[in-house]
Amino acid sequence: MNQTGDDYFDSKEFHQLLEAYEAAVSAGEPVFMDTEELVDIADYYQYTYRKDKAEEAITLALSLSPGNCAPLTYRIHEALQQGNTQKAWQLLDKIIDKDEPDYIYDRAEILLCEGRTDEADEYLREVFRDVPEDEQPDFVVDVANIYNDYGQPERAMMWMAKTKHEDSNDFKELMARTLFEMGKYKESQKLFNELIDTDPFSTSYWNALASAQFMDEDYSEAIESSEYAIAIDPQDPQAFISKANGLFRLNNYEEALDYYRRYQEKVPEDEFALLYEGTCLINLQRIDEAILALEKALEIAPEDSPNVADIYQELAFAYGEKKDTDKALELLDKEETTDCDQVQLNLIKGHILLVADRLNEARKCFHRAVALSDTPKQTLLRVIVSFYDNRYLEGAYILFRKYLSHYEKKEHGNNTEGYAYMALCCYDKGMYKEFLDYLKIACQVNPRECLLALSHLFPENVKPEDYYQYIKDKLITKE
């Protein structure tokens with residue numbers, strides 16, 4: 001049994017419980033366990049991506065105790081994940097003991113799922129007034145976790161202010177995750193590093209640190225943290241996906257592909273990994289393989305998955321690369337029936353039409369994208385990059401010059417975008433003096449863009465902000 005990073009699931013006590021359960025099921029014998037133990041087993045199977053086994057355990061728990069809060073809470077969470085609050089209310093009514101903490105939390109979660117946030121908060125505050133003082137810290141932690149789960153970290157922070165719990169690891173972890181949800185990634189990293197100092201073998205802490213570093217765009221550090229998690233548990237799927245995402249952002253598509261596939265072996269029903277497997281393959285120009293991966297992703301993705309639009313887009317890119325423009329546009333027409341981003345859709349259509357040398361049609365799509373965009377400057381830059389990607393080098397060069405000239409004047413020299421891509425365009429055109437001029441500016445004002453546009457020209461150990469100096473040092477050495 002692999003380590004999960006969860007203290008209880010990794011404990012000797014739970015291992016013995018799970019072994020007894022699996023031995024009884026394997027032998028076809030009765031399972032002599034209480035309902036809460038069966039729910040723990042179902043939670044473990046769910047946590048380790050074995051949904052069929054989780055369903056068996058929870059069905060048995062409900063058959064033994066139909067009105068027990070624990071298995072009904074499990075079913076309520078399933079209903080809420082499906083957005084079925086009516087079913088959740090029906091299940092809540094079946095709980096016999098209305099004083100159970102989980103009953104209270106379940107009721108609040110259903111209200112939150114229905115968008116009745118103020119009503120949920122009032123209900124929780126009313127309950128809190130009757131909670132014994134020694135139980136209040138645990139109640140606050142549970143409520144804060146619920147608010148984080150529903151994307152409301154500010155409310156979580158307000159509840160955390162109701163109690164002092166700063167010295168416990170559980171409270172510190174909650175604070176770290178709340179800061180993460182608030183977008184305060186550096187503060188979150190600081191706390192996760194402190195937690196790792198207390199428990200350096202926690203894959204949960206290492207993975208959480210990797211996520212905070214990734215969101216802070218420190219991809220190399222995120223990869224290193226995920227590697228620590230893999231060293232602790234060589235089969236940890238969360239560490240695989242964390243490392244894959246970091247490698248992808250560094251344009252290391254070959255190695256990223258390997259880790260997306262390792263993750264998929266552990267979690268075969270997750271379309272996200274297949275989506276990015278396909279995207280890696282497109283970048284590696286392995287188009288037929290990419291199409292197979294993306295079509296499989298589309299096949300297994302739930303209809304309401306947020307990844308469906310991206311799968312259609314990547315499939316369209318793949319067919320566009322094969323010069324099957326009609327098929328690519330047909331896929332984008334299917335996406336248009338969903339609640340998709342019209343700016344993104346028109347950018348992709350324009351790009352695919354450029355691949356097919358249908359320049360006039362591409363221009364119309366690009367004009368629509370810029371006109372519809374709330375951030376026309378960034379959208380226009382993406383249009384110019386699309387011209388570059390399709391090897392319209394002279395056109396891209398002229399557009400880059402106009403873009404940079406316009407925004408330098410308009411923003412009084414404070415523009416930070418486009419210089420790295422202009423440097424790349426100059427490099428491909430053999431205009432090396434201009435390449436160095438634009439590279440110098442790009443390194444000063446936008447290292448992240450340097451990483452995205454120019455990383456393939458430099459060794460991995462060179463930081464983006466040092467690209468210009470690296471070349472200067474090389475030139476000095478040659479002289």
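Just so it is clear, the model here is predicted, and its values are computed rather than measured.
Contact check on E255 versus K243 returns a salt bridge, with a Lys/Arg side-chain nitrogen under 4.0 Å from an Asp/Glu carboxylate oxygen. We find that R261 and E289 are joined by a salt bridge, their nearest charged nitrogen and carboxylate oxygen being less than 4.0 Å apart. With respect to E122 and R125, a salt bridge is recorded, a charged nitrogen being found less than 4.0 Å from a carboxylate O. At a threshold of 4.0 Å, the pair R177-E181 does not count as salt-bridged, since none of the basic side-chain nitrogens sits closer than that to a carboxylate oxygen. A salt bridge does not link E187 to K184: none of the charged nitrogens lies less than 4.0 Å from a carboxylate oxygen. Between K349 and E361 there is no salt bridge, since no side-chain nitrogen of the basic residue lies less than 4.0 Å from a carboxylate oxygen of the acidic one. Look at D288 and K322 and you find a salt bridge, because one of the NZ, NE, NH1 or NH2 atoms lies within 4.0 Å of a carboxylate O, short of that distance. The pair E78-K51 does not meet the salt-bridge criterion, since no charged nitrogen lies less than 4.0 angstrom from a carboxylate oxygen. The pair E55-R75 counts as a salt bridge, with a side-chain nitrogen and a carboxylate oxygen less than 4.0 angstrom apart.
Of the possible polar contacts, one joining the K323 side chain to the V355 backbone as a donor-acceptor pair under 3.5 Å is found. A donor-acceptor pair is defined here as one N or O able to donate and one able to accept, closer than 3.5 Å; such a pair exists between the side chain of N283 and the backbone of T279. Counting only distance, with no hydrogens or angles, the side chain of T325 and the backbone of G320 share no donor-acceptor pair below 3.5 Å. Not a single donor-acceptor pair under 3.5 Å links the side chain of D216 to the backbone N or O of A212.
Between Y185 and F180, the ring-plane angle classifies as perpendicular under the 30° and 60° cut-offs.
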